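See structure below.
Only a predicted model underlies this, so the values are computations on that prediction, with no experimental measurement involved.
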Amino acid sequence: MSNGGADYDLIVVGGGLAGSSLAIALAGRGIRTLILEQQEEFRDRIRGEVLMPWGSLEAKGLGIYDLLLKDCAIETAYFSTFTNGSPPAIRDLRATTPAATCCMTFPHSEMQAVLLKQAEALGAEVRRGHLASGVTSGEVPRVHIGDDIRGLSARLVVLADGRDSRLRSLLGFEVRHDECQLFTAGMIMEGDINYSEFLADEARTPANTVNLFYDPKGGRMVIAMRIAPKRNRVYLVYHKDVLPKRLSGRHSVEKMIRQLQEVGAPSHWFDGARQAGPFASFDGSHRWVGSPYRDGVVLIGDAAAATDPAWGRGLSRTLRDVRLLRDRLLESSDWRLAAEAYASDHDDFYGRMRRLEEMQTTLLFERGDAADRRRDHAFALFARDSSRIPDALGLGPEAPSDDHARARYFGEI
């Protein structure tokens, strides 16, 4: 494939899930790719560590699922939900999802390292420890490293450098955001424990489950899973009005554990276990760029749009971006038109995800007597007809989120 005299066909800024997966997905097609990754070594920064079943399907389509499973990931075939006052609901994901897929969990930094190594093995040029200081958009966009004025040219520049992308801001992309309703606190617990164990009577060893505990009256939710041997990730999701201060740092660990136990996490999970790595809370406001393509520069992953981490869809959404961009680039030799088509594809599915998450946040977490009555009414209808609940776990953005679906979900029709 000719690159029209440019130094590369693709320059990808960011060697994490988005950037490396794109390079892997395009490997073997004569596309000369450069990945610039600022970090010399990936570090744990409390990022997502679970693919939902619809995200696992995207990973398979991009050729990375088996690679991750071999090197760093765990298949989690069940999803167990514990709601205060109700019997647990255990879902067999392979038996109930459209593509018979399950969740996948992994340490985020190890996942990044595996994928970047594979991208390099398949022919992408990787430069680590190089800061992309600027991007010049245009007919032949350029990426500048450090003080380099001329820069490196490409047919297309891909920004995959996260939700706080500095280059996105320098290029003038407008970032929109919703008001924050939820906070998510995340930490790792290490020891001889397994947060993906079955806690209900019908244990299915040696299979794994994601455990979710939900406290409707308290406006809190806990999500827990094993991500590696003797290593577990646990999240506390809470409405912004529930706690007076955001949980963060080692001084808040004991308070975090009390909150987890109040919501339903079993006490034995914390006997002899130790908190490891960073511990912080993050706001859940959606942040997005409308039409994430401009003049030779395209945005993918969190640089394009970030959903609420409370729902665990960020990694799956990133892989949807990668797959959509890959498909558009491969079907057209005019990469500007291809990138514009991708931007439209992205806006469509992200808009559906944003509506879906707004529905769930409002029904499950809104505070007050009226919200409690609405929740009780909807839950009673769910018990009689579970099809009222959009299957976000299995379908992702394909789960219905239009006005009719919303009215059914809230029990208005």
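Applying the ring-ring contact (aromatic ring centres under 6.0 Å, His included) test to Phe349 and every residue at least two apart in sequence or in another chain returns His346. Under the side-chain hydrogen bond (donor to acceptor under 3.5 Å, both in side chains) criterion, Arg220 pairs with Asp215, Gln259, Glu262, not counting sequence neighbours.
Residues Tyr78 and Phe198 bring their aromatic ring centres within 6.0 Å. Tyr238 has its ring centre no less than 6.0 Å from the ring centre of Phe365.
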Does Gln275 form a side chain to side chain contact (heavy atoms under 4.5 Å, CB included) with Arg250? I'd like the steps, not just the answer.
CA-CA 8 Å; Gln275 185 267 333; Arg250 295 193 179 279; 2.8 Å; yes
Verdict with reasoning, Ile223 to Tyr195, per side chain to side chain contact (heavy atoms under 4.5 Å, CB included)
CA-CA 9 Å; Ile223 306 169; Tyr195 285 13; over 6 Å; no
Criterion side chain to side chain contact (heavy atoms under 4.5 Å, CB included) on Ile24 and Leu122, from CA distance to verdict:
CA-CA 7 Å; Ile24 291 169; Leu122 292 176; 4.0 Å; yes
Full working for side chain to side chain contact (heavy atoms under 4.5 Å, CB included) between Trp311 and Met221
CA-CA 10 Å; Trp311 305 111; Met221 181 170 69; 4.0 Å; yes
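To the nearest 0.5 Å, atoms CD1 (Ile64) and CG (Leu69) are separated by 12.0 Å. One finds the CE atom of Met104 at 14.0 Å from the CD1 atom of Ile227 (value rounded to the nearest 0.5 Å). To the nearest 0.5 angstrom, Ile35 atom CD1 is 10.0 Å from Glu125 atom CD.
A salt bridge links Arg375 to Asp372: one of the charged nitrogens lies within less than 4.0 Å of a carboxylate oxygen. Of the charged side-chain nitrogens involved, at least one lies within less than 4.0 Å of a carboxylate oxygen, so that Arg317 and Asp302 count as a salt-bridged pair. Under the 4.0 Å criterion applied to side-chain N and carboxylate O atoms, Arg352 and Glu357 are not assigned as salt-bridge partners. Using a 4.0 Å cut-off between a side-chain N of Lys or Arg and a carboxylate O of Asp or Glu, Asp164 and Arg287 qualify as a salt bridge.
Residues in residues 128-146 take part in no salt bridge (Lys or Arg N to Asp or Glu O under 4.0 Å) pair, two or more places apart or across chains.
Crowding of Lys240 atom NZ: a count of heavy atoms from other residues, nucleotides or ligands under 6.0 Å exceeding 12.
Looking at heavy atoms from C-beta onward, Ile300 lies out of side-chain contact with Val12 at the 4.5 angstrom threshold.
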